[in-house]
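Each residue takes its place number in the sequence, starting with 1.
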Amino acid sequence: MAPIVALWLPILLSAVIVFIVSSLMHVVLTYHNSDFKPIAEEEKVSASIRAAAVAPGYYMFPYCNHKQIKSPEMQEKFRQGPVGMLIVRPNGMPHMGKHLAMWFSYCLLISIFVAYLAGNTLVQGAPYLAVFRVAATAAFLAYGIGPLSNSIWKGHPIALTLKEVFDGLIYALVTASTFSSLWPR
C-alpha cells in the first residue's frame with residue numbers, strides 16, 4: 001500500500017500536465033472546431049428567447065412529465081418537433097478564468113481519486129507498468145467514459161462524444177505516465 005500523502009507530487013503534477021495538454025489540444029489542434037453549429041436565424045431565435053424571459057437553466061422541449069408523455073397532444077408535439085434540450089447561461093461574456101479554475105479543480109479531484117485507488121491497490125516500489133495500468137484505467141473511467149452518457153441521454157452527436165472519449169484517453173495516458181514515473185520506490 002502506498003499512502004496518499006506519499007503521492008502528493010504525482011497528484012499535483014498530473015493535474016497540471018493534463019490541464020496544459022488539454023489547453024494545447026483545444027487551442028492548437030482544430031478537431032474540436034466542429035463541435036458546435038450555428039443555429040439558423042440566430043437573431044430571431046435569440047430574440048424569441050429574450051422575449052420569453054428565459055432564465056439561465058437547463059430546459060427540455062417539448063416539456064412534459066411521465067403522465068403527460070402518454071397523452072395524444074404531447075405525442076403530437078413530439079412528432080411535430082422540434083425536440084431538444086437548451087442550456088441558457090447568464091448574459092455576458094464567458095468567464096474563462098472561472099471555467100479554467102473549475103477545470104483544474106476537476107483534474108485535481110480525478111488525480112486524488114487515481115492516487116487513492118492506486119495507493120490502495122499497489123505497493124510502494126510497484127513496477128512502472130503495474131502503476132500505469134491501474135492509474136490509466138482509473139483516469140480513463142473518469143475522463144473518458146463519462147461523456148458516453150451524453151450521447152445516450154442528452155442527444156450529443158456521437159462524433160462529439162467520440163472526440164471527448166479520445167481526449168479522455170489522452171488525459172488518462174498523461175495521468176498514468178505521471179503516476180508511474182513518480183511512484184514511490
Problem set entry | Flag side-chain contact, heavy atom, 4.5 Å: F19 against L100 | yes

Problem set entry | Linked, directly or transitively: M85 and V45 (ILVMFWY side chains, under 4.5 Å) | no

Seminar exercise, completed: Residue set satisfying ring pair (Phe, Tyr, Trp, His ring centres under 6.0 Å) with F61, at least two apart, ordered chain then number -> none

Exercise. Between CD of E76 and OG of S71, what distance do you get to the nearest 0.5 Å?
Worked result: 10.5 Å

For this session: Show your reasoning for whether side-chain contact (heavy atoms from CB on, under 4.5 Å) applies to V18 and F104.
Result: CA-CA 9 Å; V18 166; F104 179 74; over 6 Å; no

Exercise. More than 12 non-hydrogen atoms from neighbouring residues, nucleotides or ligands closer than 6.0 Å to CD1 on I39, yes or no?
Worked result: no

Exercise. Shared ILVMFWY cluster between L109 and L117, side chains joined below 4.5 angstrom?
Worked result: no

For this session: Please say whether more than 12 non-hydrogen atoms of neighbouring residues, nucleotides or ligands are located less than 6.0 Å from CG in N91.
Result: no

Problem set entry | Connected via hydrophobic side-chain network under 4.5 Å: F36 and L162 | no

Exercise. Which pairs pass side chain to side chain donor-acceptor pair (under 3.5 Å) with one or both residues in residues 174-185, sequence neighbours excluded?
Worked result: none

For this session: For the residue pair I4 and I112, establish whether any side-chain heavy-atom pair is separated by less than 4.5 Å.
Result: yes

Problem set entry | Any pair counted as side chain to side chain donor-acceptor pair (under 3.5 Å), so long as it reaches residues 26-35, sequence neighbours left out | Y31-D167, H32-D35, H32-D167, S34-K163, D35-K163

Problem set entry | Between CD1 on residue I152 and CD1 on residue I158, distance to nearest 0.5 Å | 8.5 Å

Seminar exercise, completed: For residues 51-62, the side chain to side chain donor-acceptor pair (under 3.5 Å) pairs (sequence neighbours left out) are none

Problem set entry | Exceeds 12 heavy-atom contacts within 6.0 angstrom, atom CZ of R79 | yes

Problem set entry | Validation row: M25, Y171 side chains within 4.5 angstrom (heavy atoms) | yes

For this session: Considering only Ile, Leu, Val, Met, Phe, Trp and Tyr, and joining two whenever side-chain heavy atoms are under 4.5 Å apart, list the other residues clustered with L141.
Result: Y128, L129, F132, F140, I145, L148, V165, L169, L173

Exercise. What's the verdict on side-chain contact (heavy atoms from CB on, under 4.5 Å) for L86 and I49, showing C-alpha distance, side-chain angles and the deciding distance?
Worked result: CA-CA 11 Å; L86 174 69; I49 292 171; 4.2 Å; yes

Exercise. From K77 NZ over to Q75 CD, what is the distance, rounded to the nearest 0.5 angstrom?
Worked result: 12.5 Å

Exercise. Is there a side-chain contact between Y106 and M102, using heavy atoms and a 4.5 Å cut-off?
Worked result: no

Exercise. What side chain to side chain donor-acceptor pair (under 3.5 Å) pairs are there with at least one residue in residues 6-25, not counting sequence neighbours?
Worked result: S14-S111, S22-W103

